[in-house]
Amino acid sequence: MTNFQGKVAIVTGGASGIGSAITHRLLEAGVKVAVADLNEAKLKEMEDANAGNLIGVVANVTKEADIEALVKKTVEAFGSLDFAFNVAGASKAGAITEQSEEDWDFTVDLCLKSVFLSVKHEAKYMKEHGGGAIVNIASLNAHVPMFYGAAYSSAKAGVEMLTKNAALELAQHQIRVNAILPGLISTPLTSDLTKVEAINDAYMDRIPMRRAGEADEMAGPALFLVSEDASYVNGASLLVDGAWAVSGYPDLSKFM
Ligand SMILES: NC(=O)c1ccc[n+]([C@@H]2O[C@H](COP(=O)([O-])OP(=O)(O)OC[C@H]3O[C@@H](n4cnc5c(N)ncnc54)[C@H](O)[C@@H]3O)[C@@H](O)[C@H]2O)c1
């Protein structure tokens, strides 16, 4: 993957987990990075450790004004915008019959509306400046429902379709847009669930590789999708899930 030196990227949700792993891999490859997050203290720490190569931008990705300001600050600091990784996300779980409108809106706004706003403003800049490449983080839950995750799964399915629509509309402007669908990844987002042994065992029963992925294992696929090596990959959904998606059938190996 060769086209990284001197490029400029935005990573939303880059102060933790998958976004942080992508940010560090970009820095290693010579990319200047604007990290957008709510976690001001962590952003400051990252900025201090990478002065000149990284800016932290306190932004709420569900607010259009914050996203517009993010793109503006990125270009002011580093002179262009070549790549964007729209990673920020979280959810409020709830049974469909019990979930409040407020919790539904929180989840769908954070996971889906934020990706629309991000792609909108990132692509607006890119189409006037020769193109670029965007990666949206969806989830295996774009394809597979999850108990008490109706809002999250619906939003992630929306991210996958938004990615395809964006690829359709933006190809004419030399902008590629792809999605990554992670399976179970060890980050602060999942640690409350996986530290419960019975829940962790239930996950492991379904994941053929019998382990969660590390955040760093999302970084290579993400960088590949924006690289020249992926120059004809557009509108794609890349599952990075330890083969979880193919394990719908019960595991018969224990009976053989
Ligand atoms: N961890 C997994 O197993 C997994 C699986 C599939 C998909 N994903 C998706 O990957 C993405 C990253 O998840 P993660 O596991 O790294 O989570 P994480 O909690 O480690 O990181 C999420 C980051 O997003 C930031 N954030 C939250 N709300 C924000 C807002 N309104 N504005 C700006 N920043 C905000 C948080 O401060 C945090 O730094 C999410 O979209 C998540 O849905 C994660």
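Remember, it's 1-based here, ligands and their atoms both numbered in the order they're listed. The shown structure was predicted, so the numbers you read here are calculated from the model rather than taken from an experiment.
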Glu128 and Lys124 ion-paired at < 4.0 Å
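Here Glu128 does not pair with Lys124 in a salt bridge, since their nearest N and O are not under 4.0 Å apart.
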Using a strict threshold of under 4.0 Å (side-chain N to carboxylate O), is an ion pair present between Arg25 and Asp216? yes
Near ligand 1 (heavy atom, under 4.0 angstrom), the protein residues are Gly13, Ala15, Ser16, Gly17, Ile18, Asp37, Leu38, Ala59, Asn60, Val61, Val87, Ala88, Gly89, Leu110, Ile137, Ala138, Ser139, Tyr152, Lys156, Pro182, Gly183, Leu184, Ile185, Thr187, Pro188, Leu189, Thr190
If the condition is salt bridge (charged side-chain N to carboxylate O under 4.0 Å, His left out), which residues does Glu102 pass it with, not counting sequence neighbours?
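Glu102 satisfies salt bridge (charged side-chain N to carboxylate O under 4.0 Å, His left out) with no other residue.
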Practice task
Please identify each residue that fulfils salt bridge (charged side-chain N to carboxylate O under 4.0 Å, His left out) with Asp192, with sequence neighbours left out.
Solution key: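 For Asp192, the residues satisfying salt bridge (charged side-chain N to carboxylate O under 4.0 Å, His left out) (neighbours in sequence not counted) are Lys195.
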Problem - Transitive ILVMFWY cluster of Tyr152, excluding itself - 4.5 Å side-chain cut-off - result: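 Via sub-4.5 Å side-chain contacts, Tyr152 links to Met146.
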### Query
Quick one: which of Asn86, Thr12, Thr74 gives a side chain to side chain donor-acceptor pair (under 3.5 Å) with Glu122?
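With Glu122 as partner, Asn86, Thr12, Thr74 yield a single side chain to side chain donor-acceptor pair (under 3.5 Å), made by Asn86.
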